[in-house]
Amino acid sequence: MGCMSVSPLNADFSDDSRLDAGLRWSLAHLPFELTAIKPVSGDASFRRYFRLQGTEDSRILMDAPPETDDSHPFVDIAARLRQAGTHAPEIFASDLEQGFLLLEDLGDTQIREVLHTNNADQIFPGLFDILQTMASQVDYLGLPDYNRERLLTDLELFPNWYLQEHKHIQLSCEDWDIWEDLCTRLIASAQQQPQVFVHRDFHSCNLLDLGQADVGVIDFQDGVRGPISYDLISLLWDRYISWPRSRLEGWIEEFRQRVAPEVEAEQWLRYCDWMSLQRNFKIMGIFARLHYRDGKQGYLEMIPRFWSYLLDVLPLYAETQPMMELLERLECAP
């Protein structure tokens with residue numbers, strides 16, 4: 001759930017025993033002489049990334065402590081994506097027992113940095129190509145199902161971490177009835193959709209501009225078999241840039257024609273809107289949990305955008321109106 005960016009500093013890592021072990025392991029696999037080490041900030045997990053620089057080439061060392069991060073899914077899904085022609089980083093070497101991987105360096109230019117209002121209609125078709133490929137060609141056999149239990153677990157992050165932990169709001173029995181009715185509807189909508197490979201965090205920080213119309217895809221280790229609209233709404237309801245409703249609906253319809261022309265346009269729009277509610281409730285809960293449980297800074301400041309996304313969609317459907325009224329009554333805005 002995070003953005004990668006290079007630190008400008010070559011820090012002293014002499015007291016970092018894990019990095020020391022990772023570097024000693026990496027040296028046996030580097031095809032060049034190591035000249036510099038730079039930390040690359042990663043995602044919301046406990047994984048760390050370091051750029052190992054040579055004179056003319058570089059690699060990324062991924063440090064994923066096995067007690068907190070299982071790297072097997074990363075290796076598995078990277079292979080599935082690359083087999084389908086999606087540019088996930090090549091894995092040059094791995095030691096999953098120690099939690100070290102040596103990866104292709106895809107650079108630091110995020111789509112977030114190059115995407116703006118005037119070029120979105122030029123950039124999004126290429127990203128839709130990737131989404132279409134992932135939905136139609138990436139093998140999902142053996143991956144976890146984004147089933148009712150997982151969808152509900154994600155939704156419950158909102159009342160447990162945002163409402164209770166962050167806003168100190170306790171729901172009444174009647175409030176819980178409204179929330180649970182909404183969850184039931186959102187989950188049913190997700191399960192009615194075609195089920196395909198889902199990245200689960202397909203947004204502008206996890207897409208790297210490699211030039212020549214090539215895009216690198218990262219942070220895919222939580223991939224599942226799930227609803228076909230999920231990755232699209234992750235891209236469109238972004239954490240750093242908000243789009244007018246008219247543009248959202250245009251892109252939603254464009255993608256329907258690509259991947260689900262058999263679904264009526266009105267039904268597809270409902271699928272996407274309701275999927276956005278599920279994801280955006282989840283994100284607000286995750287960001288609160290990252291702050292209070294994991295001590296990670298900077299996430300609470302991003303919550304208001306996702307709150308506004310909820311307020312944009314909830315009033316559009318009679319079935320979601322009670323939740324809108326509940327949020328207004330509880331006065332739980334960020």
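The shown structure was predicted, so the numbers you read here are calculated from the model rather than taken from an experiment.
The two residues Pro66 and Arg18 make their nearest non-hydrogen contact at CD-NH1, 4.1 Å. Considering all non-hydrogen atoms of both residues, Pro89 and Ala78 come closest at O-CB, 4.4 Å.
Remark: Glu328 pairs with no residue by the salt bridge (charged side-chain N to carboxylate O under 4.0 Å, His left out) rule, at least two apart or across chains.
Side chain of Glu264 to main chain of Trp268: no donor-acceptor pair is present (N/O by atom type, distance under 3.5 Å, no hydrogens or angles). Between the Gln195 side chain and the Ala190 main chain, a donor and an acceptor come within less than 3.5 Å of each other. Listed for the Tyr309 side chain is no donor-acceptor partner under 3.5 Å among the backbone atoms of Phe281.
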Please report, to 0.1 Å, the donor-acceptor pairs under 3.5 Å made by any side chain of residues 222-232, with sequence neighbours excluded.
from   : atom 1 : to     : atom 2 : distance (Å)
Arg225 : NH1    : Asp145 : OD1    : 3.2
Ser229 : OG     : Gln193 : OE1    : 2.8
Ser229 : OG     : Gln193 : NE2    : 3.4
Tyr230 : OH     : Arg279 : NH1    : 3.4
Tyr230 : OH     : Lys282 : NZ     : 2.6
Asp231 : OD1    : His199 : N      : 3.3
Asp231 : OD1    : Arg200 : N      : 3.0
Asp231 : OD2    : His199 : N      : 2.8

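Aromatic ring pairs are classed by plane angle as parallel below 30°, tilted from 30° to 60° and perpendicular above 60°; the pair Phe158 and Tyr162 is parallel. Taking the six-membered ring for Trp and thresholds of 30 and 60 degrees, Phe128 and Phe255 have ring planes inclined between 30 and 60 degrees apart. Ring geometry for Tyr299 against Phe287 counts as tilted: the plane angle lies between 30° and 60°, on a 0 to 90° scale.
Ring centers of Phe92 and His29: at least 6.0 Å apart, outside the cut-off.
To the nearest 0.5 Å, atom CG of residue Asp214 and atom NE2 of residue His87 are 5.5 Å apart.
Side-chain N/O atoms of Asn280 and Trp307 include no donor and acceptor closer than 3.5 Å. Side-chain contact of Arg270 with Ser189: a donor-acceptor pair under 3.5 Å is absent, judged by distance alone. Residues Asp219 and Gln221 have side chains that bring a donor and an acceptor to within less than 3.5 angstrom of each other. Between the side chains of His116 and Asn118, no donor N or O sits under 3.5 Å from an acceptor N or O. Ser172 and Asp175 form a side-chain donor-acceptor contact under 3.5 Å, judged by distance and modelled atom types alone.
Counted within 6.0 Å of CZ on Arg247, heavy atoms from surrounding residues, nucleotides or ligands total more than 12; the atom is thus considered enclosed.
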Open item on the list: One pair to check against salt bridge (charged side-chain N to carboxylate O under 4.0 Å, His left out): Glu325 and Arg329. What are the steps and the verdict?
Closed with: CA-CA 6 Å; Glu325 295 169 357; Arg329 175 165 54 82; over 6 Å; no

Task: Step-by-step side-chain contact (heavy atoms from CB on, under 4.5 Å) determination, Phe74 to Ile91 - done: CA-CA 10 Å; Phe74 184 97; Ile91 300 174; 4.0 Å; yes

TODO: Give the intermediate values and the outcome of salt bridge (charged side-chain N to carboxylate O under 4.0 Å, His left out) for residues Arg48 and Asp16.
DONE: CA-CA 12 Å; Arg48 300 187 299 170; Asp16 190 329; 2.7 Å; yes

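Checking each of Asp139, Ile77, Thr86 against Phe197 for a side chain to side chain contact (heavy atoms under 4.5 Å, CB included) leaves exactly one that passes, namely Ile77.
Salt bridge status for Asp154 with Arg150: absent, with no side-chain N to carboxylate O gap under 4.0 Å.
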